[in-house]
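Note that the coordinates shown come from a computational prediction; the quantities given were computed from them, not determined experimentally.
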Amino acid sequence: MPEYGAIGITAGGTARPDVADAAGGEDDGSRAVIDVHHHFCAPAWREWAERQGLVNPKALPPWARWDAQTALELMDRAGIATAVLKPMLPARYESSAQLREATTVTLRAAVEVVEAHPGRFVFHTPLFLEDPQVSSWALRHGLDELGAVGVNVTANHGGVYLGDPSYDGIFAELDERSAVVDTHPHNLPGGPPGAATVPGLPNFLCDFLLDTTRAAANMIRNRTLDRFPNLSVILPHGGGFLPHIAARLEAFAHSFDPPVEPAAVRDHLHRFYYDTAGPLSPAGTLLATVSPDRILFGSDWPACPAAVVTGVAVPALAADPAFTPALRRAVNRENALRLMPALVPA
């Protein structure tokens, strides 16, 4: 396996696939990776939120302390040429106006990062689906005006999951733009904010995967991808439990309310995209469920520590026997380029 960051990196830190390819051996894209799952909590947002009294900076989790230099160092070690920023705004907002201001601060910061490091970063625009007006403004501002390559949404908002008809207005606007909709789980609804559902088990270990699975199943139940056929929906962490219960969902498709045809379950499973963040379990089950052109590399950094990204996730993907070099190249880079053509430099 190559030493990530040692070959194909220019003095300015930009991955150069042409140099990497010339190093010899069969190219699997591991030196020019596109990371579709890179969390971004903007320093400018942290400062703004502190001034607003929304956060205690000492209480923020480690992943909320993003900085460009540390991000680039991790990217170079992992062979990541370009990262898609997933904006994080971890606070409870007092009004729609305050939420809009927080989004403005974050998007401005994302644009500045992109401009300061050409070719290394692009960004999604965050949508808070419980506030339709702010979400509609944010998708227009982020996608139409600032050049975001997609949007990111949470699997559930106050217990209302993706696929719910209450989101149809926003999804129709996204469908008109053939948008990439990047999803991410959070705590399961019904529990105390921030508290572990099971004492001693952090919610991200198990509950997050169920949250993604519930969102995907609800989109299947409501035929979201049929009603909005131009959308491309990314499920993180290998789709949560979805690939592992695919046969169960098909066998009991009649148990959905209203009932769903098994063929509709299979169809949606093949139309979602899945990222490898987590790190990804051995890929055999995922590849038995979905087409390999629907799998995208995701690091989950900085929520996933750098040592796990470079010491566990990247080596595991490189050594996974389910992936040929051609499949790894597709997962590492080519699938993302096909999904988001704006990633190709002008």
Check whether any side-chain heavy atom of Pro292 lies under 4.5 Å from a side-chain heavy atom of Val331, and answer yes or no. no

Short side-chain to backbone donor-acceptor contact, Asn156 and Ala215, under 3.5 Å: no

Go through His184 and His37 one step at a time and tell me if the side-chain contact (heavy atoms from CB on, under 4.5 Å) criterion holds. CA-CA 9 Å; His184 200 278; His37 192 138; 3.4 Å; yes

Give a yes or no on whether Val105 and Val55 share a hydrophobic cluster (residues Ile, Leu, Val, Met, Phe, Trp, Tyr; joining criterion: side-chain heavy atoms under 4.5 Å apart). yes

Rounded to the nearest 0.5 Å, what separates atom CG in Asp207 from atom CG in Asp211? 8.0 Å

Can you tell me if Asp67 uses its side chain to pair, donor with acceptor, with the backbone of Thr70 under 3.5 Å? yes

Correct closest heavy-atom pair for Gly238 and Leu280 would be CA-CD1, 4.0 Å

Any donor-acceptor N/O pair, Arg333 side chain to Phe297 backbone, under 3.5 Å: no

Salt-bridge present (Asp175, Arg227; N to O < 4.0 Å): no

Do Phe228 and Asp168 have side-chain heavy atoms sitting under 4.5 Å apart? yes

Residues forming a salt bridge (Lys or Arg N to Asp or Glu O under 4.0 Å) with Glu173, sequence neighbours excluded: none

Using every non-hydrogen atom in the two residues, find where Thr212 and Gly240 come nearest and quote the distance to one decimal. CG2-N, 4.1 Å

Identify whether Trp48 and Trp66 are in the same connected component of the hydrophobic contact network (ILVMFWY, side-chain heavy atoms under 4.5 Å). no

Report yes or no: do Leu139 and Tyr93 belong to one cluster of Ile/Leu/Val/Met/Phe/Trp/Tyr joined by side chain heavy-atom distances under 4.5 Å? no

Kindly determine whether Asp144 and Arg177 satisfy side-chain contact (heavy atoms from CB on, under 4.5 Å), including the steps that lead there. CA-CA 9 Å; Asp144 301 344; Arg177 293 163 172 80; 2.8 Å; yes

Can you pull the ring-ring contact (aromatic ring centres under 6.0 Å, His included) pairs that have at least one residue in residues 127-148, sequence neighbours excluded? Trp137-His141

d(Ile170 CD1, Ser135 OG) to nearest 0.5 Å is 5.0 Å

Under a 4.0 Å threshold between the charged nitrogen and the carboxylate oxygen, would Asp226 count as salt-bridged to Arg271? yes

Side chain Arg328, main chain Ala318, donor-acceptor under 3.5 Å: yes

Side-chain donor or acceptor of Arg223 paired with backbone N/O of Met219 under 3.5 Å: no

Would the distance check show the side chain of His124 and the main-chain N or O of Lys86 forming a donor-acceptor pair, the cut-off being under 3.5 Å? no

Not counting sequence neighbours, which residues clear side-chain contact (heavy atoms from CB on, under 4.5 Å) with Asp320? List them please. Pro282, Ala283, Ala322, Phe323

Is there side-chain contact between Pro279 and Val308, with at least one heavy-atom pair below 4.5 Å? yes

For Gly119, is there any backbone N or O sitting under 3.5 Å from a side-chain donor or acceptor partner on Thr82? yes

For Arg221, enumerate each residue passing the side-chain contact (heavy atoms from CB on, under 4.5 Å) test, keeping only those at least two apart in sequence or located in another chain. Asn218, Phe256, Pro258

Short side-chain to backbone donor-acceptor contact, Thr213 and Phe241, under 3.5 Å: yes

Does Val265 share a hydrophobic cluster with Leu287, counting links as ILVMFWY side-chain heavy atoms below 4.5 Å and allowing steps through other members? yes

Point-to-point distance, once rounded to the nearest 0.5 Å, from OG1 of Thr224 to CG of Leu231: 8.5 Å

For a quick check under 3.5 Å, do Asp28 and Asn332 share a side-chain donor-acceptor pair by atom type? no

Among Asp293, Asp275, Ile34, find the residue that satisfies the side-chain contact (heavy atoms from CB on, under 4.5 Å) test when tested with Asn335. Asp293

With sequence neighbours excluded, give me every side chain to side chain donor-acceptor pair (under 3.5 Å) pair touching residues 249-264. Glu250-Arg266

State whether the side chain of Arg46 and the backbone N or O of Cys41 hold a donor-acceptor pair below 3.5 Å, judged by distance alone. yes

Side-chain heavy atoms of Ile234 within contact of Phe272, under 4.5 Å: no

Report yes or no: does Asp35 contribute a side-chain atom to a donor-acceptor pair with the main-chain N or O of Ser299 at less than 3.5 Å? yes

Can you tell me if Arg338 has over 12 outside heavy atoms packed within less than 6.0 Å of its CZ? yes

Nearest 0.5 Å, what's the CG-OH distance between Asn222 and Tyr161? 14.0 Å

Is the number of heavy atoms from other residues, nucleotides or ligands within 6.0 Å of CD (Gln133) greater than 12? no

Given side-chain contact (heavy atoms from CB on, under 4.5 Å), test Leu129 with Leu162 step by step and report yes or no. CA-CA 9 Å; Leu129 296 182; Leu162 298 177; 3.5 Å; yes

Check the hydrophobic clustering (I, L, V, M, F, W, Y; side-chain heavy atoms under 4.5 Å; chains of links allowed) and say if Leu209 and Leu242 are grouped together. no

Looking only at heavy atoms, what is the nearest atom pair of Ala246 and Leu269, with distance? CB-CD1, 3.7 Å

Decide yes or no for Leu146 and Phe123: does some side-chain heavy atom of the first lie under 4.5 Å from some side-chain heavy atom of the second? yes

Between Ser136 and Arg140, do the side chains contain a donor N or O and an acceptor N or O under 3.5 Å apart? yes

On a heavy-atom basis, which atom in Val122 and which in Leu343 lie closest, and how many Å separate them? CG2-CD2, 3.3 Å

Side-chain donor-acceptor contact under 3.5 Å, Asp300 with His237: yes

side-chain contact (heavy atoms from CB on, under 4.5 Å) evaluation trace for Leu89 with Trp45: CA-CA 7 Å; Leu89 294 74; Trp45 174 88; 3.9 Å; yes

Smallest heavy-atom separation, Leu188 atom then Arg214 atom, equals CD2-NH1, 3.9 Å

Which ILVMFWY residues can you reach from Val198 by hopping between side chains whose heavy atoms are under 4.5 Å apart? Leu201

Do you know the tightest heavy-atom contact between Asn152 and Pro87? OD1-CD, 3.1 Å

